[in-house]
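Working notes, beginning with the structure itself.
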Amino acid sequence: MTDRVITWAGLLAKWTEFAQSAAALPKTEAGERLRACVPSIIGLQAITHALAELDALPEDEYALGQDRAEVVIKRHAGEIHGAWGAEPLPEALGELIGDARLALRATREAGVEFRVGDEPLIAEHPGELGAGLVAQGFAGDVYLPAPGVPLFEGCPAGFVRSRTGAKPGKDVLGVVREFLEQTGARVGKGVRVAGMRQAYRQFDFGTGRVRRDLVVSMRSELPGGQPLLVPVVVGGELQPVPLAPPPGFDPGEVKVVFEEGWE
């Protein structure tokens, strides 16, 4: 998740100033509508900020916080739309509602990403790891490298998400990290992210050689290419993982390219 930029005290001062300035709005129909929306505007800003702090809660409270946030967002969005009736909603208010919904979505899609260090990583088949996690009751998602396929510096090497999006337990993260580093590569402790990224190996069809590995958010339109992370566990259910390619597979030197805004 992203670092907090605006402090709660700073936001409180901003909201207080905004509420006071609302009294000076013109006595027009648009002014009255905007004045009626002030509590909902402040409420949406507050819930968006609070959702960024959800990681501080235990997983059971994390899920409860999500449920409450969804109810609050729906209520405030309804009040704003109700105030404007059949009139088009001002762009700023639409963005405010969208930001709150996006913040809630981010809490549900959040996970921990492991990244390849300065040495290439070639993972083994993850079937045993996945079966072990499922047997222990893990109910989230795990994506790991396609077995036998080399990944290069900076490339995502794994993604782990709990059922709710709360930070996965240290035991789960430890098992995944150990699996990724068993061949000598290093991936670190993992980074908390607001959503999964996938890497796509793209080929030059004229020569058949690898052109690049393109890393994109799973929210983006998916590009062409071979996905390098494969689902191992999804929703607590074990997934079939293909076997490694034949021995001797060598993609050559591969450049890892990141979608704008992610690197």
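Just so we're clear, the structure is a prediction, and the values are computed from it rather than from any experiment. Along the sequence shown, residues carry numbers from 1.
Taking the side chain as every heavy atom from C-beta outward, M218 and L229 never approach each other to under 4.5 Å. A heavy-atom distance below 4.5 Å is found between the side chains of R177 and K189. Annotation: side chain of V149 is in contact with side chain of R201 (closest heavy-atom distance under 4.5 Å). The shortest distance between side-chain heavy atoms of Q66 and L104 falls below 4.5 Å. H76 places none of its side-chain heavy atoms less than 4.5 Å from the side chain of I47. In this structure the side chain of E178 never reaches within 4.5 angstrom of the side chain of L129, judged on heavy atoms. No side-chain heavy atom of F114 sits less than 4.5 Å from a side-chain heavy atom of L144. Looking only at side-chain heavy atoms (C-beta outward), F138 and V175 stay at 4.5 Å or farther from each other.
Atom SG in C37 sits 10.0 Å away from atom CG in L96 (nearest 0.5 Å). For the atom pair OG (S220) and CZ (R197), the distance works out to 11.0 Å, reported to the nearest 0.5 Å. Put simply, CD on Q45 and OG on S40 are 11.5 Å apart, with the number rounded to the nearest 0.5 Å.
The backbone N or O of G165 lies less than 3.5 Å from a partner atom in the side chain of Y62, making a donor-acceptor pair. Distance alone, capped at 3.5 Å, places no donor-acceptor pair between the E113 side chain and the G111 backbone. Of the possible donor and acceptor atoms, none in the side chain of E119 sits under 3.5 Å from a partner among the backbone N and O of R186. The backbone N or O of V216 lies less than 3.5 Å from no partner atom in the side chain of Y200, so there is not a single donor-acceptor pair. The main-chain N or O of F179 is found under 3.5 Å from a side-chain atom of Q182 such that the two form a donor-acceptor pair. Counting only distance, with no hydrogens or angles, the side chain of Q202 and the backbone of G224 share a donor-acceptor pair below 3.5 Å.
Closest approach of P145 to L121, counting heavy atoms only: CG-CD2, 4.0 Å. Nearest heavy-atom pair, L54 versus G65, reported as atom, atom and distance to 0.1 Å: CD1-CA, 4.4 Å.
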Determine whether V230 and Q239 satisfy the following criterion, side-chain contact (heavy atoms from CB on, under 4.5 Å), listing intermediate values before the conclusion. CA-CA 9 Å; V230 296; Q239 304 296 304; over 6 Å; no
Would R192 and D55 satisfy side-chain contact (heavy atoms from CB on, under 4.5 Å), going step by step from the backbone distance to the final call? CA-CA 10 Å; R192 186 78 162 129; D55 269 358; 2.7 Å; yes
Using the rule given for side-chain contact (heavy atoms from CB on, under 4.5 Å), can you reason through L57 versus L64, listing the C-alpha separation, both sets of side-chain angles and the distance that settles it, and then say yes or no? CA-CA 10 Å; L57 301 178; L64 180 59; over 6 Å; no
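Residue E181 qualifies as enclosed at atom CD: its count of foreign heavy atoms under 6.0 Å is above 12. Residue E237 places its CD atom among 12 or fewer non-hydrogen atoms of other residues, nucleotides or ligands, all under 6.0 Å distant.
Residues M196 and V191 share a hydrophobic cluster, clusters being chains of Ile/Leu/Val/Met/Phe/Trp/Tyr side chains in contact below 4.5 Å. Note: the hydrophobic cluster containing I122 does not contain V232 (ILVMFWY, side chain heavy atoms under 4.5 Å, direct or indirect links). Both Y143 and L222 belong to a single network of hydrophobic side chains, linked directly or stepwise wherever heavy atoms of I, L, V, M, F, W or Y lie under 4.5 Å apart. Using a 4.5 Å cut-off between side-chain heavy atoms of Ile, Leu, Val, Met, Phe, Trp and Tyr, with links allowed through other members, V71 and I42 fall into different hydrophobic clusters.
Just one of R108, R75, R101 meets the salt bridge (Lys or Arg N to Asp or Glu O under 4.0 Å) condition when paired with E70; it is R108.
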